Amino acid sequence: MRIAMVAPLIESVPPALYGGTERVVSVLTEELVRRGHDVTLFASGESRTSARLFPCAERALRSDPDVHDTVAYTLIEMGEVYARSQDFDIIHNHNDYLGFSFARLSTTPTVTTTHGRLDLSEVQRIYGYYAEQRLVSISHDQRSWLPKANWVGTVHNAIDLDNYHLREEPGDYLVFLGRISPEKRPDRAIEIARDVGMRLLIAAKVDAVDQAYFEHAIEPLIRRNRGLVEFIGEVDERGKDELLGNAYAYLFPVDWPEPFGLTMAEAMATGTPVIATRNGSVPEVVADGRTGFVCDTLAGMIEAVQRVGEIDRRACREHVERHFSPAAMADGYEQIYERVVAEGARPGPA
């Protein structure tokens, strides 16, 4: 099948450091190429892929100081994709609603994977306007925010298992990984570490939009807990494997409808149990009591740290191999592609 894989331009594919969506796009692209599909990847210029690369920006937009409007680049990218739409059997869009107006006018069918949050009123409004668009959710919970949308399937995200290695012996510290932002609740992670008296390593990026939150809410907590809490910033894939694999437990104290939470799968792939709040996709990713603990309260998370010894680290790895492997993700998307291509394009209102 001839597939146009349309990635965000914010990070490279795969990203050098943080970048969940781009990492998923990379894993899917490589597995589809391995299976014999003809894939063209539309992405930033320094992306690394075995597919045919069509560069739509010289480099990842987040690392380019001259870029101030990322939407402008993305709309140009979508224009490049749909100008060549006849070259493909299907277009797989990972740029959310920014591709909808192009898809509506195309005779080549498009599927869009919804990687972001869908609970915001303005997001729900634009999805309602483009109600004919075929959508793929990355968790069943994510779909609940748009129950009347044109969902064509749910496919959980996957990770490259070769990048993560099982450590059967637990370490002696806790980890918070990913992004510093209010909805990710790094403050809760610090509170848990303080209450259980265990060292916490925070490996996360700070976007410009969250800089003030980091400086005024999180940095003071880190300073007050110096010696117990350490902020180490972003880490690459090898560093992530080491950091997660040598941890005692991974903390995921989110208080928003997390669409998937790729770092939970990454932690479990190294054998490290996950302690997370019951929000969004968390109960779909973590097997409560078997690969970690899904908690309803902060007190429950603190208590769960004391129970980590009950978890078999090998079971964590096996859970990821079974449910969040490249093969499992590609199987899901292949079924959707075949069904959508057979149905053909569905243009919206004129």
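Please read all numbers here as calculations on a predicted model, not as lab measurements.
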Discussion item. Check this for me: does any side-chain nitrogen of one of R34 and E30 sit under 4.0 Å from a carboxylate oxygen of the other?
Written reply: no
Practice prompt. Would you tell me whether Y333 and T113 have side-chain atoms, one donor and one acceptor, within less than 3.5 Å of each other?
Written response: yes
Worksheet entry | Between E284 and H323, a side-chain donor and acceptor under 3.5 Å | no
Practice prompt. Give a yes/no verdict on a cation-pi contact between R104 and Y129, requiring under 6.0 Å between NZ or CZ and the six-membered ring centre and an angle within 45° of the axis.
Written response: yes
Discussion item. Do F324 and M329 have side chains that approach each other closer than 4.5 Å (heavy atoms only, starting at C-beta)?
Written reply: no
Worksheet item: Charged N to carboxylate O under 4.0 angstrom, D210 versus K205?
Response: no
Worksheet item: Can you list every pair that meets salt bridge (charged side-chain N to carboxylate O under 4.0 Å, His left out) and has a residue in residues 287-296, with sequence neighbours left out?
Response: R278-D296
Fill in: More than 12 heavy atoms of other groups within 6.0 Å of R2 CZ
yes
Worksheet item: Does the side chain of E191 come within less than 4.5 Å of R194's, by heavy atoms?
Response: yes
Item to complete: Mark yes or no for whether E46, through its side chain, and A60, through its backbone, hold a donor-acceptor pair below 3.5 Å.
Response: yes
Worksheet item: Are the side chains of H94 and M5 in touch, meaning some heavy atoms are under 4.5 Å apart?
Response: yes
Worksheet item: Would R62 and E234 pass as an ion pair if we require N to O under 4.0 Å?
Response: yes
Discussion item. Is a donor from one side chain sitting under 3.5 angstrom from an acceptor on the other, for T21 and E11?
Written reply: no
Worksheet item: What is the ring orientation for H156 with H140, classed by angle as parallel under 30°, tilted 30 to 60°, or perpendicular over 60°?
Response: perpendicular
Discussion item. Any donor-acceptor pair under 3.5 Å linking the side-chain atoms of S44 with those of S12?
Written reply: no
Worksheet item: For atom OH of Y213, is the number of surrounding heavy atoms from other residues, nucleotides or ligands below 6.0 Å larger than 12?
Response: yes
Discussion item. Is it true that T112 and R134 share a donor-acceptor pair across their side chains at a distance under 3.5 Å?
Written reply: no
Worksheet item: Side chains of R167 and T270: do they bring a donor and an acceptor to under 3.5 Å?
Response: no
Fill in: Side chains of Y127 and D96, donor plus acceptor under 3.5 Å
yes
